A.B. asks: 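This is the structure, below, for whatever I ask next.
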Amino acid sequence: MSRYLSSVWSFIQARKRIICIIAPALLGLLFMILCIVQLQQSIWFDESYSAYLTRFEYPKIWELTSRDVHPPLYYFALKTWAHFFGHTDFAMRMLSVVFGAVAILFAFLWIKYKYGATSAVLATTLLAISPSIVRYGQEMRMYTMVLAIVFAATYVLQLAIDNGKKRWWILYAILLAAGMWTHYFCAFAWIAHLAYLVSVYHKKIFQKRIVLTYVGAVALFLPWAPSLIMQTGAVQSGFWIPEMTAQTVLDYWTESVAYESSWDLKNWLLMLTIIATIYIISLIVKYRTKMKLLLYIMLIPLAILITVSMPPLESMFIPRYILFAIAAIALVAGVALSYYIREPLTKRFSQKRLKRRVISASFATLVLFGASISGLVSVYSKGNYNFSTLTKSASKDLFETIVTLDGDQNLPIISASEWLYFDLAFYETKETPVYFMNEVVDYKYGSQYPLRDTKVGRIDDLDKFISKRDSFWYITTIDKETNEPATKFPRKDWSVLQYSAVNFNEFSDTYAIVKMVKQ
């Protein structure tokens, strides 16, 4: 067996250069294919909000996002992308797919540079098929953009530490700022980087180049600082996030590995995954000094998120906000296993011990691949299921149903709520426009704020609007307690001509599709 492993190793080493060119390209392509399968599923509210912002010019996007909870860089990127590639669900979600592929490339470069080509191939293979990464690679949000920035910054930081060239520190400062302009939880990754820098430089951490790097990053972020202060004062954290419990942390692990809550994970798969995880933890302990930066990125953001989500603080535990820490799980497992497999090639092992090592490593690898494949099946079956709210969007199905019921009439749609308006407005056409009523909207801050100044879709004078029409569609949700429409159309001189209650999946709301006519 030792001779066989040596032959395989020699084969790989002889072709290492070509493998390092082909592997990241193929893995990036694999990831893109896995994502593209579901790019045209129904968008959900966060995505429709992202798409809605692209209707505005860049200065207006700056203003609107300053009243929400996130910085604007992703929205700038999405608007630019949509300008060239279109505003369809497929086109706009492709930006996240591309960022995910870029993240895989930088992960490969970093792992190859720090841990070797074998580690890079195995680790990024696990990353490319990671259920959570594929899931959020399909979403019109900033999560894979953050992932690409964090992995690029980690790679650049490693280069800066090792060769000390000024250009790498400058680039690192730019990436630090870019991360903060994209999502505030990037700060958790930067804290992990800082912890690693302290472990490398110890008392010399305050040397000029490091201090200037962080000062430069802060300076690049300063234009947004007033908006951050306003957001902090106006928006309360935890307004929709469930309270964190021990179950929440356990679910973080099962969702990361197999995209299932711990309650829903099949008992046999859960048991195998636990065994494989314990085994890999033992390898991590064995190689922990070599994997320090990787472990910091995997563990420190999670530890911070748990800490800031504990009572009496409001919960902020949203796993997708630290997607880079979830991605690091795959990388850590891949690097640990590759070290364990390569070790017999540099040390003398008995045949019995070598056989035992090969069998155990193969088992752990197969379980991880099996969990990932099971997770991908779950991603495809659940679609855009939201573990935090236990809901699944059906906005596309709803709009298509209305159009089907409409026939050739081309009636406008009035949404009873601004939340539903965002989702339906993404799919509206010239023939079937979507509107919302100004009187139902709170304009103070948050996701409703962009509706304040827009003229598109807003009905300021409902009486004037309906006086020009004989009929229209009125869409609301069904109250679960009364089984009646949650809100009725606020004009008594209009009556219901046609009524349908529809539900598209077990996790979505039931919708009332009402055709209104003059009495």
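All values derive from a computational prediction rather than experimental measurement. Only heavy atoms go into these numbers, but all of them, side chains included; no hydrogens, no water, no symmetry mates. For reference, positions follow the sequence shown, starting with 1.
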A.B. asks: Heavy atoms, side chains only, cut-off 4.5 Å: are Y259 and S374 in contact?
C.D. replies: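 Contact flag for Y259/S374 side chains = no.
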A.B. asks: Measuring from atom OH of Y449 to atom CG of L64, what distance do you get when rounded to the nearest 0.5 angstrom?
C.D. replies: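 That separation rounds to 7.0 Å.
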A.B. asks: Inspect the contact between K60 and E57 and indicate whether a charged nitrogen and a carboxylate oxygen are less than 4.0 angstrom apart.
C.D. replies: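 K60 and E57: not salt-bridged.
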A.B. asks: Answer yes when E428 and R55 have at least one side-chain N-carboxylate O distance shorter than 4.0 Å, and no when they do not.
C.D. replies: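 So E428 pairs with R55 through a salt bridge.
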A.B. asks: Whether the H193 and Y172 side chains hold a donor-acceptor pair (N or O, under 3.5 Å, no angle test) is what I'd like checked.
C.D. replies: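 Yes, because at least one side-chain N or O of H193 sits under 3.5 Å from a partner of the opposite role on Y172.
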A.B. asks: Tell me whether D46 is salt-bridged to R320, with the criterion being a basic N under 4.0 Å from an acidic carboxylate O.
C.D. replies: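 Yes.
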A.B. asks: I'd like to know if the side chain of W81 and the backbone of G86 have a donor-acceptor N/O pair within less than 3.5 Å.
C.D. replies: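 Checked: no pair found.
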A.B. asks: Can you confirm whether the side chains of T487 and T476 place a donor and an acceptor under 3.5 Å from each other?
C.D. replies: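 Per modelled atom types, T487 and T476 side chains form a pair under 3.5 Å.
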A.B. asks: Does the side chain of S393 pick up a donor-acceptor pair with the side chain of S42 at under 3.5 Å?
C.D. replies: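 No, no side-chain donor-acceptor contact under 3.5 Å.
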A.B. asks: Run the salt-bridge test on K396 and D89 with the 4.0 Å N-O cut-off and return the result as yes or no.
C.D. replies: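 D89 and K396: salt-bridged.
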A.B. asks: For T65 and W224, run side chain to side chain contact (heavy atoms under 4.5 Å, CB included): C-alpha distance rounded to whole Å, both residues' side-chain angles, the deciding distance at 0.1 Å, then the answer.
C.D. replies: CA-CA 11 Å; T65 51; W224 185 252; 3.4 Å; yes
A.B. asks: Any salt bridge linking E506 with K392? Criterion: basic side-chain nitrogen under 4.0 Å from a carboxylate oxygen.
C.D. replies: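 A salt bridge is absent here (no side-chain N lies under 4.0 Å from a carboxylate O).
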A.B. asks: Could you pull out the closest heavy-atom pair between F399 and T429, with the gap in Å?
C.D. replies: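 Where F399 meets T429 most closely, the heavy atoms are CZ-N, 4.3 Å.
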A.B. asks: Once the angle between the rings of Y143 and Y136 is folded into 0 to 90°, is it parallel (under 30°), tilted (30 to 60°) or perpendicular (over 60°)?
C.D. replies: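 Rings of Y143 and Y136: perpendicular, as their planes differ by over 60°.
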A.B. asks: Would you sort out whether M94 and I36 count as a side chain to side chain contact (heavy atoms under 4.5 Å, CB included), showing the intermediate values?
C.D. replies: CA-CA 8 Å; M94 272 302 297; I36 285 172; 4.0 Å; yes
A.B. asks: Do Y385 and N505 have side-chain N/O donor and acceptor atoms under 3.5 Å apart?
C.D. replies: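 No, N505 and Y385 have no side-chain donor paired with an acceptor closer than 3.5 Å.
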A.B. asks: Could you verify whether a donor N or O on one side chain and an acceptor N or O on the other, from T80 and Y58, lie under 3.5 Å apart?
C.D. replies: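 The answer is yes; a qualifying pair exists.
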A.B. asks: Side-chain donor-acceptor pair under 3.5 Å between Y74 and T144, yes or no?
C.D. replies: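 No, because no side-chain N or O of Y74 sits under 3.5 Å from a partner of the opposite role on T144.
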A.B. asks: With a 4.5 Å cut-off on side-chain heavy atoms, are I513 and W473 touching?
C.D. replies: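 SC-SC contact between W473 and I513 confirmed.
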A.B. asks: Can we say R135 and E139 salt-bridge, meaning some charged N sits less than 4.0 Å from an Asp/Glu carboxylate O?
C.D. replies: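 Salt bridge flag = yes for E139 with R135.
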A.B. asks: We want to know whether E255 and S261 form a side-chain donor-acceptor pair, criterion being a heavy-atom distance below 3.5 angstrom.
C.D. replies: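 No, S261 and E255 have no side-chain donor paired with an acceptor closer than 3.5 Å.
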A.B. asks: Please report the C-alpha distance between R141 and S96 in whole Å, then the side-chain angles of each, then the deciding distance to 0.1 Å, and finally whether the side-chain hydrogen bond (donor to acceptor under 3.5 Å, both in side chains) criterion is met.
C.D. replies: CA-CA 7 Å; R141 294 294 283 171; S96 295; over 6 Å; no
A.B. asks: Is any side-chain heavy atom of I306 closer than 4.5 Å to a side-chain heavy atom of F317?
C.D. replies: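 When only atoms from C-beta onward are counted, F317 and I306 do touch, with a gap below 4.5 Å.
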A.B. asks: Test D423 against S395 for side-chain hydrogen bond (donor to acceptor under 3.5 Å, both in side chains), laying out the working first.
C.D. replies: CA-CA 6 Å; D423 288 353; S395 55; 4.6 Å; no
A.B. asks: Run Y184 and Q231 through side-chain hydrogen bond (donor to acceptor under 3.5 Å, both in side chains) and show every step you take.
C.D. replies: CA-CA 12 Å; Y184 298 132; Q231 288 176 333; 2.4 Å; yes
A.B. asks: Show, in sequence, the C-alpha distance, side-chain angles and deciding distance for Y296 and I191, and conclude whether the side chain to side chain contact (heavy atoms under 4.5 Å, CB included) test is met.
C.D. replies: CA-CA 9 Å; Y296 282 178; I191 292 171; over 6 Å; no
A.B. asks: Indicate the atoms forming the closest heavy-atom contact of S309 with M244, along with that distance.
C.D. replies: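 Taking every non-hydrogen atom into account, CB-SD, 3.8 Å.
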A.B. asks: Would N386 and T391 count as a side-chain hydrogen bond (donor to acceptor under 3.5 Å, both in side chains) here? Give the steps.
C.D. replies: CA-CA 5 Å; N386 189 319; T391 59; 5.1 Å; no
A.B. asks: Does the side chain of L323 reach to within under 4.5 Å of the side chain of V146, using non-hydrogen atoms?
C.D. replies: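 Result no, sub-4.5 Å side-chain heavy-atom pair not found.
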A.B. asks: Is there a donor in the side chain of E260 and an acceptor in the side chain of S378, or the other way round, less than 3.5 Å apart?
C.D. replies: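 Yes, because at least one side-chain N or O of E260 sits under 3.5 Å from a partner of the opposite role on S378.
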